[in-house]
Amino acid sequence: MAAAIARYILGDTVAVSSAGVETYPGMRAARNAMLVMQERGLDISSHRTRDVRELDVTDFEQIIALDCGVAEKFQRIAAVNQERLTVLNIADPSGYGLGVYRERASEIEAELRRLWL
């Protein structure tokens, strides 16, 4: 959801990538995530997960972790420069209902707008 929202906010001005610290590569987005993004006019049906280990983090100007736990794991895996890492402190909605996914999407959008606009 965060990558789709970032693309929506920033348009074609920057490249946006998504990767996880605890994922199985190639999985589809969660059904509730797809539904919430569809409600917002964003299609993430082609999204497939990938592990952060697949990325060269030196290629990125800014890296955003949705919470502190993700940031800590990311640091252990990739040892990224702290100045490029932003932590949003938004809890993972995985395992919760559609309402929680909606709340998290709104939180993500608000935080990304705060960062960039």
Side-chain angles (χ1 to χ4, degrees):
M1 291 192 311
I5 293 168
R7 284 185 198 100
Y8 171 75
I9 292 170
L10 297 171
D12 295 333
T13 61
V14 298
V16 176
S17 291
S18 173
V21 294
E22 291 182 351
T23 189
Y24 296 103
M27 293 178 60
R28 296 178 68 109
R31 181 177 183 276
N32 284 343
M34 286 192 278
L35 290 171
V36 168
M37 292 295 95
Q38 186 176 36
E39 291 172 356
R40 292 168 162 261
L42 304 173
D43 181 8
I44 62 169
S45 61
S46 63
H47 173 80
R48 297 296 180 268
T49 57
R50 65 182 168 165
D51 192 288
V52 72
R53 292 167 190 87
E54 296 176 28
L55 300 176
D56 179 359
V57 296
T58 61
D59 290 341
F60 297 90
E61 290 179 28
Q62 186 174 29
I63 297 168
I64 297 174
L66 292 183
D67 66 37
C68 292
V70 168
E72 289 172 11
K73 290 173 187 168
F74 186 81
Q75 283 290 70
R76 285 195 300 269
I77 294 167
V80 68
N81 181 326
Q82 279 293 104
E83 293 174 5
R84 295 184 327 166
L85 180 63
T86 301
V87 182
L88 299 184
N89 291 316
I90 297 174
D92 187 344
S94 182
Y96 291 96
L98 200 54
V100 173
Y101 275 82
R102 286 183 184 116
E103 289 172 12
R104 296 305 183 268
S106 293
E107 292 170 7
I108 290 166
E109 182 172 358
E111 286 299 309
L112 292 180
R113 285 186 180 282
R114 183 185 60 76
L115 280 173
W116 296 326
L117 302 179

Using every non-hydrogen atom in the two residues, find where Ala33 and Met1 come nearest and quote the distance to one decimal. CB-CG, 3.8 Å
Leu66 reachable from Val52 in the ILVMFWY side-chain graph, under 4.5 Å edges: no
Rounded to the nearest 0.5 Å, what's the gap from CG on Leu35 to CD1 on Ile44? Could you check? 9.0 Å
Treating Ile, Leu, Val, Met, Phe, Trp and Tyr as nodes and any side-chain heavy-atom pair under 4.5 angstrom as an edge, say whether Phe60 and Val21 lie in one connected cluster. yes
Measure the shortest side-chain to side-chain distance between Gln62 and Trp116 over non-hydrogen atoms and say whether it is less than 4.5 angstrom. yes
Mind checking whether Met37 and His47 have side chains closer than 4.5 Å, heavy atoms only? no
Where is the tightest heavy-atom contact between Ser45 and Asp43, given as atom of each residue plus distance? OG-OD1, 2.7 Å
Closest non-hydrogen atom pair, Tyr101 against Pro93: CE1-O, 3.3 Å
Taking atom CZ of Arg76 and atom NZ of Lys73, what is their separation to the nearest 0.5 Å? 7.0 Å
Residues which pass side chain to side chain contact (heavy atoms under 4.5 Å, CB included) with Glu54, listed by chain and number, not counting sequence neighbours: Pro25, Arg50, Asp51
Of the non-hydrogen atoms in Gly26 and Arg48, which two are nearest, and what is the gap between them? O-CD, 3.3 Å
Any donor and acceptor pair, going by atom type alone, linking the side chain of Arg104 with main-chain N or O of Ala91 inside 3.5 Å? yes
Dump the intermediate steps for side-chain contact (heavy atoms from CB on, under 4.5 Å) on Asp92 and Glu22, then the final yes or no. CA-CA 12 Å; Asp92 187 344; Glu22 291 182 351; over 6 Å; no
Side-chain donor/acceptor of Arg84 to backbone N/O of Val57, under 3.5 Å: yes
Could you walk me through whether Arg40 and Ser106 pass the side-chain hydrogen bond (donor to acceptor under 3.5 Å, both in side chains) test, one step at a time? CA-CA 10 Å; Arg40 292 168 162 261; Ser106 293; 3.1 Å; yes
CG of Leu42 to CD of Glu39, rounded to nearest 0.5 Å, is 11.0 Å
Linking I/L/V/M/F/W/Y whenever their side-chain heavy atoms sit closer than 4.5 Å, directly or via other members, would Ile77 and Tyr24 fall into one cluster? no
Strictly distance-based, threshold 3.5 Å: is any side-chain N or O of Asn32 a donor or acceptor partner for the main-chain N or O of Tyr96? yes
Do the side chains of Ile90 and Leu85 join up, straight or via other hydrophobic residues, at under 4.5 Å, putting them in one cluster? no
Side chain of Gln75, backbone of Val80: donor and acceptor closer than 3.5 Å? yes
Can you get from Ile64 to Val70 by hopping between Ile, Leu, Val, Met, Phe, Trp and Tyr side chains that sit under 4.5 Å apart? no
Using atom types as modelled, flag every donor-acceptor pair under 3.5 Å from a side chain in residues 2-15 to any protein atom, sequence neighbours excluded.
residue	atom	partner	partner atom	Å
Arg7	NH2	Val16	O	3.0
Thr13	OG1	Leu10	O	2.7

Shortest non-hydrogen pair, Val87 vs Cys68, comes out as CG1-N, 3.6 Å
Dump the intermediate steps for side-chain contact (heavy atoms from CB on, under 4.5 Å) on Leu88 and Leu112, then the final yes or no. CA-CA 9 Å; Leu88 299 184; Leu112 292 180; 4.1 Å; yes
